[in-house]
Amino acid sequence: MISPNRKRTLPAGFLALLFSLLLSGCSQPGIYGLTIISAGELEVAANERLHGDVLLVDGALGMQPGSQLLGNLFIFGGRADIDGEVLGSVTMVFGELSLGQNAHVYGDLLLSGGAYAANPRAVIEGEVSTAETLVALFEQEENAPTLSLRWFVPLGLLYVLITYVFVRYRPRPVLRIQAVFREHTLAALALGLLGWVVLPSLLLLMVFTLVLLPVALLLGLSLLLTIFFGWIAFSLLLGERLSTWLDRRLSPETTAAVGAGLLLAGLYLVGSIPLLNVFITGLLATLSLGAILLTRFGLTTFSPPVDDTPTEMFRPES
Amino acid sequence: MTLLEDLRQRRWVPVLGAALFVAMMAAGYYYNLTFVQLGLKDLGERVLGMDSGQVALYMALLAGLTCLVSLLVGYGMKVSGLSASFTFKMRMAFFVVLAQTALTAAVSQLQTPAAFLAWIVCASLALGVGVPAMFGLTVDLIPRPDRGYAAAAITALAYFLAAAFSGQWQIENFSAGMLALMLPGTVAFGILAFAPLPFMRQLAQQHRQPEYAWGRFVRRQADGRLTVDRRVIVVVALMFGIFFVDSLGFLRLLDTPIYIESSWQSPLLGVRLFIASVHVAAALIGGVLYSRLHENSLFVWIFGIFALVHFMYRLDARLGGSAALGMPMLYAIAVSLYTVVNFAIWADLSTPANISFNTALGVSLSGWTATFLSTAVAIQFQFAGMPLETHLQIVNGLALLFFVLLLFILFVSPAQRKTASS
């Protein structure tokens with residue numbers, strides 16, 4: 001049981017942590033800036049430094065030889081002529097990017113669209129990724145079952161172990177989420193769908209503001225955890241169904257571990273069927289998010305509003 | 001679902017009654033969304049050559065008069081006991097539909113602003129009577145467990161038709177389309193309202209059954225009194241806030257071609273179908289969640305999404321206006337969710353004895369009054385030369401305020417703490 005003093009310090013501690021996270025997006029060596037170019041032209045002259053990240057939405061950015069950008073460059077439109085140094089990465093979604101002979105990018109170059117031209121003497125120290133290479137990488141992963149199995153087995157065992165430990169030492173949250181899967185499937189599905197549409201939009205917006213990037217990372221991590229948490233609850237549900245079918249009584253943690261193994265085996269088998277794997281993974285993720293939201297990460301038992309209405313017939317004088 | 005059970009058991013009368021209600025309300029809401037809110041604006045500005053400020057004033061007058069008439073009629077029905085009479089409500093609804101058909105046909109004859117003003121007054125009378133009459137039929141035709149789903153069906157139908165098939169937002173298109181629907185509809189409605197049909201007599205008795213009569217929030221106290229707790233005041237206030245935020249924001253977006261022409265008025269059928277589909281999906285989600293969640297949770301999502309989407313519009317406007325489809329998508333979700341709540345909640349706060357007045361209070365006071373006030377505020381902003389970003393910033397701030405307040409209530413209220421300890 002948590003002591004009253006500790007109860008009071010917990011919310012304060014959480015707020016302090018959240019505040020620190022928010023501030024961490026603004027720290028760095030004392031100077032932080034974000035330059036947004038939505039029209040016109042910004043020319044960075046030789047020996048001039050531009051602090052912070054640059055977001056090019058429209059207009060033009062020019063960097064002369066000897067100039068420096070002490071941050072990342074994001075191109076969503078417009079034109080960037082780089083002949084200086086970019087200490088961070090360059091990402092282009094739309095627009096035009098040209099790297100001159102003196103251009104030096106210390107980070108990665110990610111091109112998912114737009115027009116790109118580079119002088120052969122331009123230097124890119126990080127990785128260069130284009131939309132085509134990303135697709136090729138994805139297809140390579142898809143077509144390499146032996147490679148994925150080599151990772152799948154140890155990761156799968158780790159997942160089964162985590163499931164066992166979680167259900168052993170923290171069964172109540174899992175049971176609450178499991179109850180939602182069993183008794184309130186439609187509500188979990190509806191809320192999960194709503195969550196998956198709205199929360200990623202919020203996440204993207206936070207990333208866009210840059211100052212909320214740490215909060216966005218936290219939110220992104222939370223979304224991943226909901227899937228993981230939901231899988232654990234679903235594993236317990238699967239294990240219980242199997243136990244009932246086999247008429248065997250096992251401890252909850254063993255039941256969950258068996259269910260986890262079943263779940264992983266099932267996901268591996270359907271993984272090779274193109275649309276079905278997406279559908280089943282998506283369905284699980286949606287149900288998990290819905291159940292997590294309904295139970296507030298397993299902290300409360302979800303129950304719909306109670307129907308306490310009168311049961312007698314209506315009479316006009318009532 | 002009670003109606004699903006009726007369907008399985010082949011009890012067709014309740015199912016037909018529900019279908020009648022859904023069709024009637026969907027048609028009425030579609031009329032309101034297209035002809036009233038968009039068509040009249042076009043009539044005043046393009047056809048009659050009035051300036052937008054004057055048109056906005058006329059629309060504000062429409063909203064205000066409708067609210068007044070609705071409250072008077074609703075109260076009158078409550079004190080006279082006619083609120084519980086299915087036959088009376090059906091006949092009133094028929095006359096409303098008849099009047100609206102005549103007004104729709106007459107709109108093409110309007111030549112002057114004075115004639116338009118007279119038309120507005122007549123339309124207010126019809127709409128004002130229609131609200132307590134038509135919404136009042138919920139307790140007769142939709143059982144309590146299915147009100148969320150019925151509201152979802154109405155919302156999905158109305159918005160799908162409005163988003164996908166509205167074409168050019170011109171009064172001629174709207175009135176032609178509505179007349180094609182209303183003329184046969186009026187005849188059919190007349191037969192149902194006045195002909196001594198056996199299944200209509202059966203429907204007239206449905207409101208006595210407990211699953212129809214008592215709204216979800218109605219309680220019998222120990223002393224025998226029927227009460228609805230303070231929720232009704234809170235819900236009216238919250239719905240007012242939602243209507244106000246939506247109307248104030250959308251009025252400004254409506255005057256920003258880049259946002260309207262890339263979404264609701266896009267020449268691409270695919271874009272309009274996408275938005276229409278989002279409306280349908282969100283309505284269905286809203287229907288499920290209305291039945292399963294505490295209503296405050298749904299309000300949190302609605303205000304949260306409104307805050308998010310107005311912030312996105314504001315940021316987009318500041319960065320040059322890319323008009324990404326994600327913004328109208330989120331907007332459509334928020335609108336569908338609150339429309340589902342609006343169609344279901346007033347009956348759930350009522351009994352047959354008071355539904356007409358409660359509906360008038362809710363729909364008119366929150367909906368029409370909010371529209372009236374937000375239109376007046378929007379005119380004021382326009383005359384002050386307020387830029388789009390600032391306008392959206394204010395709307396965003398309002399939505400965020402409600403969102404934060406509701407979050408606080410949700411996590412701090414005694415009922416929620418009691419749930420958290422289980």
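Every chain is numbered from 1 and lettered A, B, ... according to where its sequence line falls, protein lines coming before strand lines.
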(Q) Among L193(A), T295(A), L186(A), which residue has the highest count of heavy-atom pairs closer than 4.5 Å to chain B? (A)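 Maximum pair count with chain B is reached by L186(A).
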Q) What residue, out of P304(A), G195(A), A190(A), has the most heavy-atom pairs lying under 4.5 Å from chain B? A)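 Winner by heavy-atom pair count: A190(A).
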Heavy-atom side-chain proximity of [X] to [Y] below 4.5 angstrom:
| X | Y | value |
| --- | --- | --- |
| L337(B) | L194(A) | yes |
| V197(A) | M329(B) | yes |
| V139(B) | F314(A) | no |

Reported [atom1]-to-[atom2] distance for the pair [X] and [Y], which is rounded to 0.5 angstrom:
| X | Y | atom1 | atom2 | value |
| --- | --- | --- | --- | --- |
| R292(B) | L294(A) | CZ | CG | 10.5 Å |
| E211(B) | T311(A) | CD | OG1 | 11.0 Å |
| H207(B) | M313(A) | NE2 | CE | 9.0 Å |
| S201(A) | L308(B) | OG | CG | 6.0 Å |

Q) Just wondering, more than 12 heavy atoms not from R182(A) lying within 6.0 Å of its CZ? A)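 It does: R182(A) CZ has more than 12 such atoms within range.
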**Q.** Residues, nucleotides or ligands: over 12 heavy atoms within 6.0 Å of F94(A) CZ
**A.**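 No, CZ of F94(A) has 12 or fewer neighbouring heavy atoms, counting only those of other groups under 6.0 Å.
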Q: State, to 0.1 Å, how close P305(A) and S291(B) come at their nearest heavy-atom pair, and which atoms those are.
A: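 Result for this residue pair: CD-O, 4.3 Å.
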Q | Contacting region of L293(B) [heavy-atom separation from chain A under 4.5 Å] | A |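 Both backbone and side chain of L293(B) come within 4.5 Å of chain A.
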Q.
Between F311(B) and chain A, with a heavy-atom cut-off of 4.5 Å, which part of the residue counts as in contact: side chain, backbone, both or neither?
A.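 The side chain, not the backbone.
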Q.
Report which part of L205(A) has an atom under 4.5 Å of a heavy atom belonging to chain B: side chain, backbone, both, or neither.
A.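 Side chain of L205(A) only, per the 4.5 Å heavy-atom cut-off to chain B.
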Q.
Is L293(A) in contact with chain B via its backbone, its side chain, both, or neither, using a 4.5 Å heavy-atom distance?
A.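 It is the side chain, since no backbone atom gets that close.
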